[in-house]
Each structure stands twice: as C-alpha cells, then as structure tokens.
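Below is one structure, written out as structure tokens; the observations come after it.
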Amino acid sequence: MATDLQKEFCSLRDTYIEKQFGRLNEMQRQAVFTTSGPLLILAGAGSGKTTVLVNRIANLIRFGSAHGSSYTPRPAADEDLRALRTAIMTGTDVPAWLDGMMRCEPARSWNIMAITFTNKAAGELKARLRSMLGDEEGDEVFASTFHSACVRILRRYAEEIGWPRSFTIYDTDDAQRVMKALYKEQNVDEKFYPVRSMLNQLGRWKDQLTAPADAAKEAAGKTKPELAARLYGLYEKRLQEAGAFDFDGLIYYTVRLLQEHKEARDYYQNRYHYLLVDEYQDTSVAQFQLVSLLTGPAQNICVVGDDDQSIYRFRGATIENILNFERYYPGARVIRLEQNYRSTSNILNAANCVICHNTERKGKTLWTKNGEGAPVHVYQAEDDREEAAHIAEVIGQHLRAGGRLSDHAVLYRMNAQSAPLENYFTRAGIPHKIVGGQRFNDRKEVKDIHSYMSIVANPRDDVRLRRIINEPARKIGASTVDTIAELAGQEGVSMMDIISHADEYARLSRAVGPLLKFWQIYQALQQALDTCPLDLFAEKVIELTGYRQMLRQQAAAGHREEAEDRENNLAQLVNNVKNYCDTRGVDASLEGYLEEIALISDIDSYNADADQVVMMTIHSAKGLEFPYVFLVGMEENIFPGSMSLYSEEDLEEERRLAYVGITRAKQELYISHCATRMLYGRTCYNEPSRFLSEIDPAYLETTRSPALERPSRPSWGSLGDTVPGGASGYSGPSGRAAAPRSGYLNREYNAPARGGAGRAPAFPGAPAARPAAPRPAAAPAGARRYAPGDVVMHKVFGRGVVTRVTPAAGDLIVEIRFDKVGVKKTMANFAPLTKVSEGEA
DNA sequence: TTGGCTGCCTTTTTT
DNA sequence: AGGCAGCCAA
C-alpha cells in the first residue's frame, strides 16, 4: 500500500518528467510515455517524428516506465519531495541520490534498436541521440538501416545458413550480370522476359518471403511465372555459390536465419528489449517479419510512419503493414501526430486537398499554428526552358532580398527532368547541386576497381571476376570466359581456381598465356593487400591491373575529356579509401570498406551547408525540408507519370508522391507546368496535372508565362527578351582554350562546344538555325562583348558591374560584381545578361 | 577479339 | 536526346 508521501512523490515525479519533455505537444508526449507494448505512431509530414523517436528513447533510458506509475524503490521521505519540488521549480536536474526513485524498469541504451531506411536517417538519429544523451550513452543505442542491421546479423551467423562469413553484397548491377549469365545458359530470350522485370519479380518474392519452391508451386501451369520461378531457384543458388547476398537477399536470409535458428533468435531477442522502426509505411512483408522476429514475445515495438507518404510500393513496400498493424498486434496503441511544425497553412491545406482524393488511407488531417503564408504559386510556363528561367528568376528575387541559395530546392518526378534545369542554371551561373541520378560508386571505372578489390577479398566472386577479367582488354574473350565457367561448374570450384592452373586444361590452351598473366596480376594484388595500407592498395590496383595505362591511352586516342574525368574519379576513389581508413583507424579492412560502399548512397552525402540550389527527385527529397520548394513538371503523363494513368493503385501512389513533394515546403511552394516540353527527344503537349485541379483554388495564385498570353506569336518570340542576342555567338579570340577545372562553372566550359559557329542556339531546345531577323532591337549584334566597367543587368542576380573578362572555350567568362549578391561568374553567350551601359574602356 | 555502327527504349529506387 | 546492347566486319 502506497503511503500518502509516496503518492505525492509519484505525482510530483510525473510533473517533473512531463516538464522534461515540456516542449512536446500532448500527442507527442503520449507517444513518448507509451513505453511498453506495440505502438503505432501515425506521424504526418513535419509533425516532429524524429523528435518523438529521440525523446522516447531518452525517456526509456532515463525514466523507463516511471511516468504514471506508482512505483518507488523505497518509501519517500520529506527530503525527497523537497528536492523534487526544487528541481521542478528551478528547472534543474534532480540530485543524484534521487535517481533511483525517478526510474522504473529503465532500459539500458544497448538494449534499444532503432531501424531506419537510409544511412542519412540513421546518422541523424545517432547525432540527435548523442546530443540528448551524451556521446557515450548515445552511441550505445543501436541505430542503423535495415540492411546494415542484417549485414551485422549475417556476419555473425551466415555460416549457419551456408554462406561464408566474408560474404559479398551484390548491387543491382551485379544482380543483372548474374541473371544475364543465367539467361544465356538457359537460353532465355531477354525480349520474352526482360532481365529487369525478372529481377523485380524475384525481388517481390523475396520481399514476400516466398521461397523458390513455393514460387514454383504458385507459378505452376503459367509459362512466364514458371520461367521466373525456375530462374529464381537458379539465381539464389548461384549467389550462394558466389558467397553473395543481393539487397533483398540480405533481408530474406536474415529472416530465414532467425526463423530457423533458435540460438540466433534468442540472442537478439535477449539483446534488444525495445525496437523502434522509422518510415514504417515503406516496409515490406519480409522487413515486417524481421522486426517481429527481433521483437520476440515482449512486443515492445514502436513503429513510426505515415501511410500518406508511402511511395515505395513499386519496390515491395506494403502499405498494409501500417494499415494492418492493429490486427497483427491486438491491443496496439495508435497515436496520431497531426500538428505540423513545418509549413504554412496554405501549403498544408493544398497538400490535404490532394491526399483527400485517395481512398486507401488511415485518415489524418494536418494542421498548423503557423500562419497562412503566401498562397501556393502556380506557374504555367511555355516550355521546359522557360520554366527553368522562371524558377531562376524567382530565386534571383529571393537572393536580392537577402535569401540563400541553399534555401531553395527544385523537385521533379524523374531524373530526366533535371537536364533543362541544369542547363539553364549552369549557364546563368547559379550554383546548384544535383542529388541522385548516376551515383559515384555506380560509375563504370569506379565499379571496375571495386570489383578488383572484391575478388581479392572474395575469390569466389565470379560475377565481379567476369566483370574485370578483360577490362582493360587482355585477350580473354567471352568464349574463353564461358569455358572457364563451364570447367568451374564441372569441378565445383570457382573460376579463379580454374584460372590459377589454366595450363592444365587443353580447352584453354589458346588463351593460356593471357590467363596466366591475369593470374599473376591477381597474385600481385593479393600481395599488395598484405603489404600496403588500404589506400595504397587501391592505388596499386589501378596501377597493376593496367587500368591507369588504359585510360592514358584512351586520352591520347582522342577521348581526353572523358578519360581524364575517369582518372579523376579514380583519384577520388583512392581518396575515399583514405578517408575510410582515417575514420576507422585500426578497424579498417578491405571487407569493411567494400561493405560500406555497397550500402551507401548519394543522398547520404548531400550536405545542406553548401550554398547551392538543390535539385533532386521527390523520392530523394523524402524526409527533407526547404523554405522554398519548386515542384516542376506538374503535368499529366509526367506527374502522374504515363505508366500510372491506368491503374487506380498506381495513381494513388503518385498522389502520395505529390503529397510528399508539397509538404517539403516550409515557407513558399512554387508549382509549375509547361504547355510544351521535350521528352525522349519528342515535343509533348501535356495537360496540367490532375493533382493541381484537386487543390482548392483558394490556396492558389496562378500566373502564366507572358508568351502564352499571345498564343499566335511563335514561341521563340519571347526568347529575345530573356536572352538578348542569343543567336550571334561571340567566339573567343583563339577558338578553344584549355578548360580550367574548378568551381561550379566546371560544366559550362564544355557546354558551348559549338562555340564560334555563329548560329549556336541560345539554349538547347531553342530553334537551332534561327535567322537573325526577328529579334528585339535591344540586342544589337556584338552585344555579347563585355569589358570591365560595363554595367549589366542579369535576369537572376540583378544589376552589376563587369570586373573581369576571360576568353574560354569559344566563349567569354564574365566576372561580375552584383549590387546585391556579390561576385559571380557567368558565360557571356548563355547568361541571361543585358548590357546597360558601356564602362570606361 | 575488338571496335564501330545501328537500332531500341526510356519511372520513381532509401539499400 | 542519349545511353546501351547487339550485331557485324576486320
């Protein structure tokens, strides 16, 4: 029986704990104080879910389930109450001797596991835990991505399920190579069943935990599924032989391991008492199963997600996980976080309007105490180029008013849309960064060198071996490689084993020279690994394999630009290895490095600090926020994409994507669409997106391009205003100069390759052979010449004075000191620049 | 075996 | 438009 003193102590303790989390709103606090049992937090965009996660972990560690309980480890004394009251009043921590009474069944930090989807999210979580709990305690919480968590588990138990401890991780490209090899062996026609869709199918099976045998049963009698199921079995076998997992395999086999091996299961269930899962709406069946296996009977599982932001259904995410959470876990608590701290109400209302049109959702309406803000700007552009110009102009206005470039993000549906924007931005001299698209580690030369490094770490890795055995060319052709593979298959050894005694096989006699030479190179690499630090090893790989020499030759043979680029990328690779060594110190290992690069992506290295406009797909932008967001290409066939127009489910996913895009904006949102656009080399006329018409016009402010107000005028009629004298390219005095290679202007130097031709289009996409005739008088021939002292008007940066002019690559680099935004460099032929007055020559 | 040319296809993609 | 795969000629 609790004494009155104890009761009072508990109530004061509640007050104290509440105050510790006083900056949270009521719903957030409820989420934090629900410490045990299954909990589903439906967290709307911008509702502070990371804050909730971090605070919930902090509460688990500092107070456990003390809040709202009547537990005290010993009878409370007057002195205890007094100290507690003081702490509450002064806002200080309780004295150490009270610590024991403040907590009930607290968790230790190493008993907590938090799983996210991206390295970036995991990193952010870790950083915030460190700052809340202190470095030491914060680091002890296991926060990682699904995939790294699985790698960690498999590194411990892989042998239990027949994989080597030092397994390799295959990316999509590796997987494709395996599948293509299988197609060849099995005489499957790629046109009958494209490799991509085949791999998608296998991925879906793995996401759904369907084993090859079950897939075969399910597929019986249907030609295509039967083929897929057969290849599924072969593919998995092939990967096991290579000692590799693909991305889906990492999850799939971890689940299998935990299902089948009690010891492994018990280990993790005893180790982790509390599980938290972020972005739960993006989990697959397999990931759900993984989580529930790790949770064990205690069911202390907390998942955070937003069904309205589920945008990876196409990759196996099942929105049902979130919709059915309560069915899986009877008695689960559901808490909705609907207060938004990010956006203005106009932006939020627009987002709500759009998402309301979906039927498959839990239902949730975001609101905010932030003001109404500006209406959502909708701009109808003439074409994609003019859309870019308009965005640049708006950014320019903000800059002149003191805004920062990095406050602006341009978001699009697909990577292909970045090209016209990027063109305009580089030419106008607007610093920008494209996130996503071709990743550094996906570049051919980088992948090649990594493949060499992989086969040193894992000689069984036939896929990577095939990749580089003739790269650079060493007279080991496809037929030789096939023979080796066949021999390896017959003898049940790896291809490298065959190569190491190539001279013993009559069938390889023709290629025996090159093969033994390759074997020598391989041995030299192994030796280099044993004797050098890792970064030097990487350097030696580039050298010993002849890769550098090959690039040098290509450079000499007239591909200088490309070959130099590649060599620079390899230098960067060596740099990355060095960085890896520096951060890992004595723990650095080849396997560790390869694992890291396999699991890291472009968005992870996105750094919001650099003052640049960011451009990325909406998918990549999930989880990010920006004061000013431009949502471009809001057109039917683009957004929603033409592939999704005929399926209600796909359309709903597109709509969620639109919702994600809209809710990235904090202060102002600019949505634009074009009357005309170039897509796949074809001119398209797309209607404005249906998502636009779903928004109540009360939240919108619509403007059109001036060019569209005069529909009879040819479209280029307006170009002259923005690009004076565009047609008469000034060619640098001596034609092409060597391109300097620094700064954000990098790509511009290459751009005007058509340089001195005199008929170069003002912009890509502008009519190429436009005669000099219909151009406004404001742009006389020769307007492209600038001299220091000239006063110019730039469409984005405003008024400025030319400080320096340098000829380069058939164009002029004009350095201008702008009144409002400081010194910038632009290209004379392409910048939206007008001369106001001549300087003193 | 290599390289060049032609013809095809084109979403999104945290890992 | 552009990147890639596949085919053919040397």
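Convention: sequence-line order gives letters A, B, ...; per-chain numbering from 1.
Cation-pi geometry between A:Lys224 and A:Phe192 is satisfied (NZ or CZ under 6.0 Å from the ring centre, within 45° of the ring normal).
Distance from the side chain of A:Arg315 is smallest to B:dT14 among B:dT14, B:dT12, B:dT2. Ranking B:dT10, B:dT12, C:dA5 by closeness to the A:Lys180 side chain, first place goes to C:dA5. For A:Arg196, counting side-chain heavy atoms from C-beta on, the closest listed nucleotide (B:dT11, B:dT13, B:dT2) is B:dT13.
Straight-line distance from the CD atom of A:Gln309 to the P atom of B:dT12: 20 Å, rounded to whole Å. Between A:Glu422 atom CD and C:dG2 atom P there is a gap of 13 Å when expressed in whole angstrom units. Look at OH on A:Tyr183: it is 12 Å from P on C:dG6, rounded to the nearest Å.
Between A:Asn415 and the phosphate of B:dT13, there is a side-chain N or O to OP1/OP2 separation shorter than 4.0 Å. Checking the phosphate oxygens (OP1, OP2) of B:dT11, no side-chain nitrogen or oxygen of A:Tyr312 falls inside 4.0 Å. Between B:dT11 and A:Thr617, no contact under 4.0 Å exists linking OP1 or OP2 to a side-chain N or O. Applying the 4.0 Å criterion to OP1 and OP2 of B:dT1, one finds that A:Ser479 has a side-chain N or O inside that range. A sub-4.0 Å separation between OP1 or OP2 of B:dT11 and a side-chain N or O of A:Ser642 is absent.
Under a 4.0 Å N-O distance rule, the pair A:Arg413/A:Glu654 qualifies as a salt bridge. Ion pairing of A:Asp482 with A:Lys184 is present here, as a side-chain N (NZ or NE/NH1/NH2) and a carboxylate O approach within less than 4.0 Å.
Remark: the A:Tyr252 side chain and the A:Arg256 side chain contain an N/O donor-acceptor pair separated by less than 3.5 Å.
By the 5.5 Å and 30° criteria, A:Phe314 is stacked with the base of B:dT12.
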